Amino acid sequence: MIIRRVEVQNFRKLVEPVVIENLPDGLVIVLGENEEGKSTLLNAIRSCFFDKHNMTGERAQGFQPYNSALRPEVRVEFEIHGQRYKLSKAFCLRAQAELITPTGRLAGAAAEEELAHLLHFTPPQRVRREDSGHEHEGIFGMFWVEQGKSFGGVNPTPDGRSSIQQALQHEVGDVLGGKRGQKILADVAKKRSELLTPTGRPTGAYAKAADRVLKFQEELTTIQAALRDYGRKLEELERCRARQRRYEIERTLERTENRLQEARDAAEKVAALDRTAKKAEDELAKLRLEQSLAADRSERRTRHIKEIEASKSKVAQLKAAWDTKQQALVEAGRQAGGSEKELAEAARRFDQAASTCDAAAAAEQLAQVQVNLDILLRQEREAVQAKTKEQKALQDAAAIGIEKKDVIRLKHLHDAVTTAQAQLEALATNVRIDLEPGVKARMGRSTIVSGVQHRLTETTVIDVTDCAKITVVPGGDIDNPRTQLKRAQDNLQLALNDLGVTKLSEAEHKQEDRQNLLNEAKKYQELIEAHAPDGLDALQSSIAELRGRIQRLTEKAGGKPKAPKEASAALKEAQRERDSAEQARKLAEKRAERARKEMLSAKAEEAGCKASCEAEERSLHDLERTLVEDRKATPDSKLQEAVVEAAQQVTAAEQTAQAARGLLNNANPEAVTLELGAAEDTLNQLRKDLRELSDRVIGLESELRATGAQGLGERSQQLEADLQGAKTAAASLERRAKAIELLHSVLAEAEKSAKETFLRPVADRVQPYLKLLLPGTELLLSEEMDIAGLRRGGVEEQFAALSLGTREQLAVLTRLAFSDLLRENGQPAAVLLDDAIVFADDERFKRMLHILRKAAEKTQIIVFTCHERNYEAAGAPIVRLAECRARATGL
Amino acid sequence: MAVSFIHTADWQTGRVFGNIGGDAGVLLKAQRVKTVQRIAELAAERDVDAVLVAGDVFEDNLVSNETVHALIHAMEGFKGSWVLIPGNHDPAVAESVWHRMRALGCPANVRIVLEPQLIPLADGRLAVLPAALRRKHEIEDLTVTWERVNTPAAAVRVGLAHGSVEGLLPGEAEATNPIAAHCATRARLDYLALGDWHGTYRISERTWYSGTPEPDRFKENDAGNVLQVTIAAPGAEPVVERVHVGRYVWSAIEVVLNGADDLAAIDAQLNELGEPLDRHIALLAVTGAVDFETREQLDRLLSKWRGRLTWIGDDCSRLVAQPTDADLDRIDTAGFVRAAMERLRAIQANPADPDHELATGALRLLYQIHTAGGENQ
């Protein structure tokens, strides 16, 4: 479609007629100021095409200018496939519609029906009374974009979407499958959800079937365990009964009881033999005891007699020993006396030697002290002499009296004189007198030499002999220096006088002499300190102390001091003698001690011998007395007879006991006892076994009966059947679930692939525009033919997340792509944009203009805008609304 | 005076039918007791001298007391002598179901024989030699002792045992609890009443298996009978009458399905089972190759017959259901669904693909989902 002419009058704010004529192909810019009626113009065109002329109500009234009852009129001329059409509509008052086609004129509803057919839109079923959007406007609802709505995406109208889908199907065929395919996919997904969760885990009947298998398996396991237990108990019962039967058949209990009785009889016989043997043994033991007693009595008598004899012998021995000990005691006393005397002598000698040694030690010390005293006395002498010399030097130095500071002061005064002299001479008047040969002259008392220069500082008279007297008075400021020189000379002289010298060098010599004397005195002082480090008084005090010691040691040594060597030799000799005496004394002490111990020992032995002798004598007396008494009671012969008789009785008893033991051994009592024990244990064990066996049989019968009554066999069979059924059902459901999963995944994959194929033509047409706007990106379209987002650098960005500007621009170029697609499929549609690019920056705007120009090569694009400057660069015809109005009014 | 008795065996009361699910399994279990009731009625009607039961009276030694009570009650219809011996299912172990049966109040006319002994019946005209199994599998032939047992000359001498006659049973019979083929001759028997083989089977003119009175498996072995045996006098040849007492008919049906036309044949074959239909237990084994539509029709046919018969099972493991182009076109001819179907077909055709077996199921599911939802579109 190409719009060629638009005429509007009494439509909202466009009260005055507005006529836009000769609209060309391609891009056209319709320019108008704000509030000049650009959007109203678009709405008027839209109403002319899509609103019923005879509609009433608020919407229709809304077409009329504000507060007026004028008749809104709109006329549009357009071309489709090169054919010209004229459409005119008037609303509210004398509403009318007219369509002039190449084949004729249609009016009213017929005109509108033909228009709907021509433009592929579905007219509203009812007369539209209010604004209900552009859903009925077919593809134009998509391509005629109102101000401020372009960034919201394409929002295809149902007819628009249908048109695009038809165009796409025309290009790629029916790959989507339509509602039928969607329903099948939905049904399959529903079937899948009945058996599988979204993550593919069993659910619903499938999960329940698996649970049932587990439940039956668990129950069957329990029942089978009970059956195994039943089987084990049954076998045990069989074994128990078999044993019971064997005991019964073999008469095991009766035989065991008989065996025990036989064992008991044998044991009783053995017990009787044992008692007989034990009685004979007891008798034998008793007789042996009596025999032993008789022997003992006889032996005691013999021993008594022997003891008396031995005691007598012992008394004699003890008495002899006692004599010996008494003699030894006397000898020991004598030895002890001798030793004590020797000890006293040795002690005396030691004391003497010790005394001599002490005197020798004192003499040795005295000799040493004397040596020390001599040294101190010599030091004292040296120190006293040095002291005297020191004092002499100090006195001489004091007599000179010129110190170093005095010489320094003189030097300063002398320097002042020299300085003043120099200053004076600097101001002196130079006079040189050149005398003619033979002429003589005098200056004061000095003769003047010709040609010699003189510096005159005071008024001087030059007497040229016989010729003239010339008085020279130095000029300038020479008095002051002269005065200073005089003062300096006076000061120097005064100082020289104070020191008693005539000049500086003399003072310097005297100061040097004084210093030499002081140095000498210092050396003497050092000599004194060398001889008496602690001072002379301390030295003298030490001398006095040594003298005191010498006096005391002289008294102790008992003589005059000796030479040190002699004294030392004497001391060593005295010490040796003292040590010798001490050894002798210690030896004597040991001997005396030993003698004392021997004497004490001899005393003790003698006393012991005496006591032993007396005790033995008393014992002998007692023995003899008791023997007499015993013999009186039983003579020795009687005792012997009793011994013989007891021996005979023992012999007879031994024979009896031996016979009894023989009988007992022959009966093998151990074997009898073992057999009895074994028989008793066997019987007890058997009875216990029978009792337990009986109890176990009763218990097992009871348990088995109770278990049998539960019908475990039927239950087990039923559970096996149930389990098998559940397994079959679960396997069937598993196969079904897997098949559904496969079906669902294949369907979903096919649908995805189909969508991609389906939308490819649109993507192919968008891409050239997108390349101009956003190179390197890819537009993502949804199944609803709207923009889903943008893929940039492999990352998908949702449409809503893009900036307003980008959204707006993408929406425009997607419309352009749709327009291209539809045009190529025989449904050309003009694109009308009411300020649809407002959020673009300069660069983007520039690119968008390129895109519009590119698209306008095949499609008419009318842009309504108030931004004249922005579109100047578009190179497109510009239609100014104001001019159109003026022209129309003029018409 | 002739002796007449009913020979039966293998009641296996308390048996659970694991392969028959749902209510049918419960009915089959309960029917085994009802059939015993029918035997009691038959015995009373025909006024026989005794009912001899050759083992496997119970399915297991561990059937419930309720089951034992139910059986005792079922036998009350015949006041004459019942002789029951244990079989390999209910051997006379230490504490067996027999001990419980005695303890639970077994009537005096019901003789439970757990030991070798001579049972005189019918006022001495009938001497029964029972061989009771004391364990599940006896190694020795328990009937060997019978030849040493003397019976009154006037008494008809009948052996009652449970086991396998050596060498004379069909191949699949178990070879446990052996019984000599010439047992009847060796033991000088007029008749040997045997149990263990579930179909009625004649070993010789004097040796018979009665079979189970109520069929319990899909096997053409003439089950569901008891034998009424009449012997005129000792040494006379027994007259054996087969009397059908079973309620349910078990049928294994094999059919071929290669197209929708075969469905009618299957329907007709099932119709041939005959009335009353609620006495039938059927297992339909289907082989062949069909499209999805025919496969769905088979399911609908089976559904119809499930409502008519007591139980019908199907084994379609050898029936190949492959989608045809027409099947797939019914679902969709274009669009991604069609693309998905082609993908599944490719998977199905590629044995190396791990999902290739699932692909058929997936396609069939798609077909079913489409059919269920598409009909409403």
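Throughout, a chain's letter reflects where its sequence line sits, starting with A, and its residues are numbered from 1. Being a predicted model, the structure only gives us computed values, none of them experimental.
Between the side chain of A:Gln717 and the backbone N or O of B:Val16, at least one donor-acceptor pair lies under 3.5 Å. Proximity of a side-chain donor or acceptor of A:Glu238 to a complementary backbone N or O of B:Ala94 within less than 3.5 Å is detected.
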### Query
What's the verdict on side chain to side chain contact (heavy atoms under 4.5 Å, CB included) for B:Glu59 and A:Glu714, showing C-alpha distance, side-chain angles and the deciding distance?
CA-CA 8 Å; B:Glu59 167 67 8; A:Glu714 284 163 284; over 6 Å; no
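Contact count against chain A (heavy-atom pairs under 4.5 Å) is highest for B:Leu366 among B:Leu363, B:Leu104, B:Asp60, B:Leu366. Heavy-atom pairs under 4.5 Å with chain B were tallied for A:Leu704, A:Leu234, A:Thr707; the largest tally goes to A:Leu234. Ranked by non-hydrogen atom pairs under 4.5 Å with chain B, the options A:Gln724, A:Glu720, A:Arg736 are led by A:Arg736. The candidate from A:Gly713, A:Gly708, A:Ser753 with the greatest count of non-hydrogen atom pairs under 4.5 Å with chain B is A:Gly708. Interface remark: of the candidates B:Thr67, B:Ile20, B:Asn19, B:Thr67 forms the most heavy-atom pairs closer than 4.5 Å to chain A.
What you find for B:Leu365 and A:Ala739 is that their closest heavy atoms are CD1-CB, 3.6 Å. Residue B:Ala362 comes nearest to A:Leu743 through the heavy atom pair O-CD2, 3.5 Å, listed as atom of the first residue, atom of the second, then distance. The two residues B:Ala340 and A:Leu747 have their closest heavy-atom pair at CB-CD2, 3.5 Å. Contact record, A:Ala721 with B:Gly18: CB-CA, 3.0 Å, taken as the closest heavy-atom pair. The nearest pair of heavy atoms linking A:Ala750 to B:Ala339 is CB-CB, 4.3 Å.
In this structure, the side chains of A:Leu700 and B:Glu95 stay at 4.5 Å or more apart for every pair of heavy atoms. Between A:Arg705 and B:Arg100, the closest side-chain pair of non-hydrogen atoms falls below 4.5 Å.
Note that the NZ atom of A:Lys190 and the CD1 atom of B:Ile369 stand 10.0 Å from one another [nearest 0.5 Å]. A distance of 5.0 Å separates CG of A:Leu742 from CG of B:Asp355, quoted to the nearest 0.5 Å. Taking CE of B:Met341 as the reference point, atom CD1 of A:Ile184 lies at 7.0 Å (rounded to 0.5 Å).
Neither the backbone nor the side chain of B:Val97 comes within contact range of chain A, judged by heavy atoms closer than 4.5 Å. Using a 4.5 Å cut-off between heavy atoms, A:Lys738 contacts chain B through both its backbone and its side chain. Contact annotation for B:Ala103: neither backbone nor side-chain heavy atoms come within less than 4.5 Å of a heavy atom of chain A. Heavy-atom distances place the side chain of A:Leu185, and not its backbone, under 4.5 Å from chain B. The part of A:Leu227 that comes within reach of chain B is its side chain, from C-beta onward, which places non-hydrogen atoms under 4.5 angstrom from that chain. The parts of B:Asn65 that come within reach of chain A are both its backbone and its side chain, each placing non-hydrogen atoms under 4.5 angstrom from that chain.
Taking a 6.0 Å sphere around NZ of B:Lys29, one finds it holds more than 12 heavy atoms contributed by other residues, nucleotides or ligands. Heavy-atom contacts from other residues, nucleotides or ligands closer than 6.0 Å to CD of B:Gln117 number more than 12.
Taking 4.0 Å as the cut-off between side-chain N and carboxylate O, A:Arg735 and B:Glu357 do not count as a salt-bridged pair.
No side-chain N or O of B:Ser64 forms a donor-acceptor pair with one of A:Gln710 less than 3.5 Å apart.
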